[in-house]
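What follows is a short report on a single structure.
As the structure lists them, so they are numbered: ligands from 1, and atoms in each ligand from 1.
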Amino acid sequence: MTQPADSSNGRSAPDGQLRQGGRTLLLAFYTALRSLKLYPLENATVQNALADLDAMTRRLLEIETELEIRMAGDFIFVNATRLRVELDNYASFSHILAMFRAFEIGALRIRPGIDKREWQVFLSLLLRLSEGAPPAEPMEELQDRLDEAKVTHLELDSPLPEGGSTELSRQAAKQVYAQGVAVTKDVIGSVRMGRTARLKRVKRAVQLVVDQVLNNETSMLGLTTIRDYDEYTFTHSMNVCIISVALGRKLGFSKVQLCDLGMTALLHDVGKARVPAEILNKAGKLDEQEWKAIQAHPWYGALTLFSMRAYEEIPYRSILVAHEHHMKIDLTGYPKVVRPRTLGIFSRIVSVADAFDAATTRRVYQTVPVEPDQVLREMWENPKRGQDKVLVKALINLVGVYPVGTCVILDTFEVAVVSGASTDRQQLNRPMVRIAMDAEGGPVPLPGTEVSLSEKDESGAFRRSIVKVTNPDRFGLTVGDYFV
Ligand SMILES: [Fe+2]
Ligand SMILES: [Fe+2]
C-alpha cells in the first residue's frame, strides 16, 4: 500500500483546490454510476455523465501527478486531503463508501492517460459484479477483469489496516509480505501443474513491495527474518525480492526499475518448481544425481520464464537472472559457461540477496543457521563466494553489521534481538534492538522493549553495547516473534 500521495512526488495542488476538485470528481463519479444503472449505455444522459467524469479527472490530473481516492473509516481522502462531507454530497459519498467497502477496496488510483472508455468499463463492472453473489475476493476479481479489459490507468488497492501509525505500517508491511508469499506459491504451483501462471498478480504484489520498501523499509526488512520452515521456497523468494529492491533503492534505481528488479528477484528460483519436492526438502546429504537435479534449476527457470513470454510480459532480464544467479562473478558456480561473460547488475544484486537470505535461514538440511554477521563477513572476505564486493558493502550498509533478526548478548547481561539498523549512520554497530530477556534471564513480554544502542547515559557512556552474537535457540527465542 502506498502512503497517500503528497507534494514530494511531483506537482501538487493546494489543499483547497484539491478539496473542491475532489468533491466534484466524486459527485461526477456517482452521477455516472447512477445513470449507467438506470439507462442503456448509448443514452445521452449516460454519455454526458461519462464525459463530465472524464473531463473532471483530466482537469485534476493537470495539477496532480496521480490521483488516489482512499477510504479510511468513514472518510474519503483525495491524495492526502480529506474531503468534507456536507448535506449536498452526503448521499453520493455514503453510496461510494458503501460500494468500495462491499468490494473490499481501500483505494482507487487514477493515472494520467485515463479516458472515457476506461471509466465506462470500471463503472459497468462495479454495477454488474454487485448484482450477483459477491465473489470470494471481490477486489482481486474486479482488478482481474479490469486487466482483461485493458484498463491500465485505474488501479485498486486494499484497505489500510486500522491502528496507530507504527502499528499501521507494521501491519501494512505484513499484509504485503503475506500477499507476496501467496502469489509466489500460486506461480510455483501453476508451473508444477503445467498451468499458465497469473503473472499480473505477481506484478501487482511486487508493486506493493516496492511501495513498502520506499515508505516503510525497516518494517519490510524486519519481515525477512520470519523464516518459515515449511514454506521455504516461497518465503525465500519474497525475502530475496525485498532485499533486492532495498539494494536497488540504495543504488538509486527508479521506481520502474525497482519493479522490474523485484519481479525478477521474486521469480529467480521459479525453476525449482521442476525439481522434485523430495529432493528440495531432503534432510540428508544429496547424492550426485540429486545434486545435479538441484543444479538444473537455473536452466529450468530460464526455460519456464521463456515459455511464459508467449502470454505475459516478462522482462528479458528476469530470464537472464534465473539463469545466472548461481554463476558467481568469477563464473565458478553453476551452470558452467563456455564463453566468458559479465554478469548483469540485476544478476549480481539478486545473487547477493539470495546468498544472504539462504545462509541465514534454517532449512531442512541446515539445522544450525549461520549468524547473520558471520554471513556478511564471509561474503565480504571470501572471494570464493563470488559476490560483487560493492554490492556486499551496500548490503552491509543496508542491514548494518548486525542485521535485523540477529540475536545478541549485551554488556548489561540482557539478551536482545536486533530490530532495526542504527539510527546513526556512523555507528553501524549500534542498531535498534528489542530486549527479549532481562539481566536476570527473565523473559520480557513480546514484542520486547525497543531501545537504541546509540543511547548514552548522563556521563556520556553508552547505556548498552553488544558483547557477542548468539544463537536464539540457546535461549528458546524465535526471532520472528519480535516482529509480529
Ligand atoms: Fe537458486
Ligand atoms: Fe534462491
Carboxylate-amine/guanidinium contact [X] [Y], below 4.0 Å:
X	Y	value
D147	K203	no
R109	D157	yes
R201	E140	yes

_Angular separation of H326 NE2 and H297 NE2 about the Fe ion (ligand 1), given to 10°_ = 90°

_So, applying side-chain hydrogen bond (donor to acceptor under 3.5 Å, both in side chains) with E324, which one of R317, R341, R348, H268 is it?_
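Filter result, single survivor: R341.
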
*For the Fe ion (ligand 2), report each protein N, O or S atom nearer than 2.8 Å, sorted by chain and then by residue number.*
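Listed by chain and number, the nearby protein N, O or S atoms are H236 NE2, H268 NE2, D269 OD2, D354 OD1.
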
_Once you measure the plane-to-plane angle for Y334 and W291, does it fall in the parallel (<30°), tilted (30-60°) or perpendicular (>60°) bin?_
perpendicular

*Calculate, to the nearest 0.5 Å, the distance between atoms CD and CD1 belonging to E414 and I409 respectively.*
12.0 Å

